[in-house]
Visitor: 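The structure follows.
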Amino acid sequence: MQIYNTLTRRKENFETLEPGVVKMYVCGPTVYNKAHVGHAMSALVFDIIRRYLLYRGYQVKFLMNFTDVDDKIIQRANEMGIDPFDLAEGYIQEFQQHLKDLNILPATINPRATQTIPQIISMIQTLIEKGYAYPVDGDVYFRVQKDEDYGKLSGRKLEDMQAGARIEVDSRKEHPMDFALWKAARPNEPFWESPWGKGRPGWHIECSAMNLAHQGEQIDIHGGGNDLVFPHHENEIAQTESLTGKPFARYWVHNGMLQLSGEKMSKSLGNIVSIEAFLTQHSGDVLRLMVINSGYRNPLTFNDEVLEQTERALDRLHSALRPALPNAAGASEQMLQTLKNQIAATREGFVASMDDDFNTAGALGYLFELVRVINQARAEGATNQELQAAQDTLRELLNVFGLKMETPSTEKHQAAAFIDLLVELRSELRKQKLFALSDTIRDRLLDLGVVIEDSKEGSTWRWK
RNA sequence: GGCGACGUGGCCAAGUGGCAAGGCAAGGGUCUGCAAAACCCUGAUCAUGGGUUCAAAUCCCAUCGUCGCCUCCA
């Protein structure tokens, strides 16, 4: 199995620190507002990676954090006149529900910045002792010049960054790129007691501390959006590796940004489609399939046309899971052999694609080939029993992708007997060539979400 | 200005040295009372210009274009 590593900018063979176990950490959201579909994309990417690792027999320890204290949370809470911790808690609950709705497996642990304060303080103390950090007026800064390979993840040099820096330089800092590990509390801000006075952690240190606390000094996969490469992940590396003297993560994995009308979707740009809004219009499977249908490292095109196309593609996947035609007489030996061969070819192609840096789009292509052959076999009269192995394979691999492939709900089930009755009566009308009436029944049922399909063997119906 | 990524049929998108996956849409056909679904058939030489090679979408150089990061950001 090969994984693209941002640190080396190429694909590398995947070897874990401990055989059979993957320690994985993904940067979660800062919970100061509703999450949008870009956050969902990232969560989906790493959920799919995790599911595939599980499929390949790994045990996966999966952490995703919540940044639940920072400037924006405090600012927003003050504007709304509520407690910042309550604000954060509300958005955390909401995000957890979104993850569930998107069929994302729950994390092994969801650490939070506010629950890791003692570890953060102790980490900062050690960094100060080792000369990698220095306190100023209740703040503590990381000393980037002390870290010789600072910039290795993002491929930047300190000199280059100084040249292009657009930030206002804080004269108390030794170097413009030094970043805060600890921030002194201002009036009306939440704080914790520390050796440097009342304050709260900086943004980057929490992830380092959470990993140290829950995973140890080294992890296998560290993930997040590619907008986190610099400065967030760069700084995580600087902190952790300065402390431990060991490589932090073996593989740095970054997903591309979701693009709305050619731009990154982000809270600051204001071009947001919230997960909540999306899920009122579409199933979670649709967004998941959009993610699957393209490379996780590339930008993901998100617009109404692509959404519509993905809905149709999802319909096609569903089509292969439909039962045999009524009165199916059985398919030819040749057809059954083709079906059997395609099952093997699909399995093989799926794994080969996914082994190559989680090439979901390539793997999906093989699934569609299986779809075609299943539908061919059904059209030639294959029975449910003859279709079973292929459909089971398809279901199994769709499940590796995390697609739910749900169809009817229980309340609809209660209507099934009545629909059966209508379809039966309609068949009688058709025999009597009372087509106007039978078409009316078909149209009216379609309005109610029931699709009737006729064949020479009889009529079938399904939920739209 | 610095660093990086990308540009494949109408749309989305794999492939990254050896005759260009897949999905959506479109056109034609089979089936059907009609319809729907499904099935069958049809289309790209890979931004542009050079170069390397027996061979390039795939490597190198240049140009144009798009996007990301350099500030909070999945």
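Since the structure is predicted, the reported quantities are computational estimates derived from the model, not experimental observations. Proteins get letters first, then strands, A, B, ... in listed order; numbering begins at 1 in each.
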Visitor: How would you label the contact of A:Met265 with the nucleic acid (heavy atoms, under 4.0 Å): base, sugar-phosphate, or nothing?
Guide: base

Visitor: Could you go over nucleotides 66-68 of chain B and give all protein N or O partners under 3.5 Å, atom names and distances?
Guide:
unit_1	atom_1	unit_2	atom_2	d
B:G68	OP1	A:Lys264	N	3.4

Visitor: Would the base of B:C40 count as contacting A:Arg372 through its side chain, where contact means a donor and an acceptor less than 3.5 Å apart?
Guide: no

Visitor: According to the interplanar angle, ranging from 0 to 90°, do the rings of A:Phe14 and A:Tyr251 count as parallel (below 30°), tilted (30 to 60°) or perpendicular (above 60°)?
Guide: tilted

Visitor: Excluding sequence neighbours, so at least two apart, what forms side chain to side chain contact (heavy atoms under 4.5 Å, CB included) with A:Ala377?
Guide: A:Met335, A:Leu339, A:Ala382, A:Leu387

Visitor: Considering Watson-Crick and G-U wobble pairs with both distances under 3.5 Å, what does B:A57 pair with?
Guide: none

Visitor: Indicate, with a heavy-atom threshold strictly under 4.0 Å, whether A:Arg426 touches base, sugar-phosphate, or nothing.
Guide: base

Visitor: How close or far is atom P of B:A38 from atom NE2 of A:His318, stated in whole angstroms?
Guide: 13 Å

Visitor: Please list, by residue number, the residues of residues 345-359 of chain A whose heavy atoms come closer than 4.0 Å to an atom of RNA chain B; answer none if no residue qualifies.
Guide: A:Asn359

Visitor: Show every ring-ring contact (aromatic ring centres under 6.0 Å, His included) that has at least one partner inside residues 327-368 of chain A, sequence neighbours left out.
Guide: A:Phe350-A:Phe401

Visitor: Ignoring hydrogens and geometry beyond distance, is the side chain of A:Arg9 in donor-acceptor contact with the base of B:G4 at under 3.5 Å?
Guide: no

Visitor: Which residues pass the side chain to side chain contact (heavy atoms under 4.5 Å, CB included) test with A:Arg462, not counting sequence neighbours?
Guide: A:Arg322, A:Val451, A:Glu453

Visitor: Once you apply a heavy-atom cut-off of 4.0 Å, does A:Leu446 come out as touching a base, just sugar-phosphate, or nothing?
Guide: nothing

Visitor: Considering every strand and a 4.0 Å limit on heavy-atom distances, what is the contact class for A:His232: base, sugar-phosphate, or nothing?
Guide: nothing

Visitor: Counting only distance, no hydrogens or angles, is the base of B:G23 paired donor-acceptor with the side chain of A:Gln309 under 3.5 Å?
Guide: yes

Visitor: For the side chain of A:Arg378 and the base of B:A38, is some donor closer than 3.5 Å to an acceptor across the two?
Guide: no

Visitor: Both distances under 3.5 Å, Watson-Crick or G-U wobble: report the partner of B:G68, or none.
Guide: B:C3

Visitor: Tell me whether the side-chain N or O atoms of A:Asp454 pair up with the base of B:C34 as donor and acceptor below 3.5 Å, since no angle test is needed here.
Guide: yes

Visitor: In residues 380-404 of chain A, which residues come under 4.0 Å of RNA chain B by heavy atom?
Guide: none

Visitor: Quick one, A:His98 with A:His39, criterion ring pair (Phe, Tyr, Trp, His ring centres under 6.0 Å). Give me CA distance, side-chain angles, the key distance, then yes/no.
Guide: CA-CA 10 Å; A:His98 290 334; A:His39 297 111; over 10 Å; no

